[in-house]
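Keep in mind that this is a model prediction, so the values were computed, not measured. As the structure lists them, so they are numbered: ligands from 1, and atoms in each ligand from 1.
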Amino acid sequence: MRGPFQSCSLGYWVGASHNGRGFATRAVREIARVAFEELGLHRVQAETLLHNVGSQRVLERNGFLPIGLAPTYLNIAGEWQDIALFQVINSSWSAD
Ligand SMILES: CC(C)(COP(=O)(O)OP(=O)(O)OC[C@H]1O[C@@H](n2cnc3c(N)ncnc32)[C@H](O)[C@@H]1OP(=O)(O)O)[C@@H](O)C(=O)NCCC(=O)NCCS
């Protein structure tokens, strides 16, 4: 989203047999770099299910902070589910 947002939303998954090896952490780090350095965005948002501690850990390790709870936000596994919202800000953003 451009205009006043200058932001994007990020989603990710890693094959179960490859979990716990740091792939998601490194992939999220690289995408945030692309968003800020190559696309010039101000903010990257990510959403997790409330119980998805592994995904929340991935985000926290990349500087994402929780910004709230969104009720009935995403339809996952056939149900509208509450979601934890996270964001990381590009503190050196400029309009140039
Ligand atoms: C969530 C997911 C992306 C993590 O991928 P990954 O490559 O295993 O992640 P990493 O190895 O980079 O890091 C995982 C971290 O979470 C921690 N973690 C994983 N499961 C956890 C759990 N149930 N409770 C607490 N911590 C957990 C790991 O210990 C690790 O942290 P650490 O290195 O500090 O110990 C992967 O499990 C996945 O694809 N799940 C299914 C889809 C999904 O949930 N996608 C995210 C949607 S928001």
If the cut-off is 4.0 Å to any non-hydrogen atom of Arg21, which atoms of ligand 1 fall inside it? 11 (O)

Distance under 4.0 Å to a non-hydrogen atom of Thr25: what atoms of ligand 1 satisfy this? 10 (P), 12 (O), 13 (O)

With a cutoff of under 4.5 Å between side-chain heavy atoms, which Ile, Leu, Val, Met, Phe, Trp and Tyr residues group with Val58? Leu10, Tyr12, Val28, Ile31, Phe36, Val44, Leu59, Phe64, Phe86, Val88

Atom 7 (O) of ligand 1 has as its nearest protein heavy atom Ala24 N, 3.0 Å

Looking at CD of Glu37 and CD of Glu30, how far apart are the two atoms once the value is rounded to the nearest 0.5 Å? 8.5 Å

Shortest protein contact, atom 11 (O) of ligand 1 (heavy atom only): Gly22 N, 2.7 Å

Using modelled atom types only, decide if a donor and an acceptor are shared between the side chain of Asn62 and the backbone of Ala32 within a distance under 3.5 Å. no

Measure the distances from the heavy atoms of Arg61 to every atom of ligand 1 and state whether one is below 4.0 angstrom. yes

Please could you name the atoms of ligand 1 that Glu47 approaches to less than 4.0 Å, counting only its heavy atoms? 48 (S)

Suppose I only count heavy atoms of Gly20 and a 4.0 Å limit; which atoms of ligand 1 are within that range? 6 (P), 8 (O), 11 (O)

Check whether Gln56 reaches the backbone of Pro66 with its side chain - one donor and one acceptor, N or O, closer than 3.5 Å. no

With a 4.0 Å cut-off, strictly under, does atom 19 (C) of ligand 1 pick up any protein heavy atom? yes

Selected option - heavy-atom contact closest to atom 38 (C) of ligand 1, from Ile76, Val14, Leu10: Val14

Heavy atom of protein inside 4.0 Å of atom 40 (N) of ligand 1, strictly below: no

Output the distance between atom OG1 (Thr48) and atom CG (Leu74), rounded to the nearest 0.5 Å. 10.0 Å

With the threshold set strictly below 4.0 angstrom, can you tell me whether any protein non-hydrogen atom sits that near atom 29 (O) of ligand 1? no

Starting from atom 46 (C) of ligand 1, locate the nearest protein heavy atom and write down its residue, its atom name and how far away it is, to 0.1 Å. Tyr12 O, 3.2 Å

Of the side chain and backbone of Leu49, name the one, both, or neither that has a heavy atom under 4.0 Å from an atom of ligand 1. neither

With no hydrogens and no angle check, just 3.5 Å: does a side-chain donor-acceptor pair link Glu47 and Ser9? yes

Could you measure the distance from the CD atom of Gln45 to the CZ atom of Phe5? Nearest 0.5 Å is fine. 9.5 Å

Heavy-atom nearest neighbour in the protein, as seen from atom 37 (O) of ligand 1, with distance rounded to 0.1 Å: Asn19 OD1, 3.0 Å

Looking at atom 35 (O) of ligand 1, would you say a protein heavy atom lies below 4.0 Å from it? no

Side-chain donor or acceptor of Trp93 paired with backbone N/O of Gly40 under 3.5 Å: yes

Using modelled atom types only, decide if a donor and an acceptor are shared between the side chain of Gln6 and the backbone of Gly3 within a distance under 3.5 Å. yes

Would you say that Arg33 contacts Glu38 through its side chain, given a criterion of any heavy-atom pair below 4.5 Å between the two side chains? yes

Near Trp13, which atoms of ligand 1 are under 4.0 Å from a heavy atom of that residue? 39 (O), 42 (C)

Atom 44 (O) of ligand 1: which protein heavy atom is closest, and how many Å away? Asn52 ND2, 2.8 Å

Protein residue, atom and distance nearest to atom 27 (C) of ligand 1, heavy-atom basis: Gly54 CA, 3.6 Å

How many angstroms lie between atom CG of Leu39 and atom OG of Ser7, to the nearest 0.5 angstrom? 11.5 Å

Is there a donor-acceptor contact under 3.5 Å linking the side chains of Ser92 and Asn90? yes

List ligand 1 atoms under 4.0 Å from Val53, heavy atoms only on the residue side. 24 (N), 25 (C), 26 (N)

Taking non-hydrogen atoms only, is Val58 closer than 4.0 angstrom to ligand 1 via side chain, backbone, both or neither? side chain

Can you tell me the protein heavy atom closest to atom 15 (C) of ligand 1 and the distance? Arg57 CG, 3.7 Å

4.5 Å side-chain heavy-atom contact, Ile83 and Leu50: no

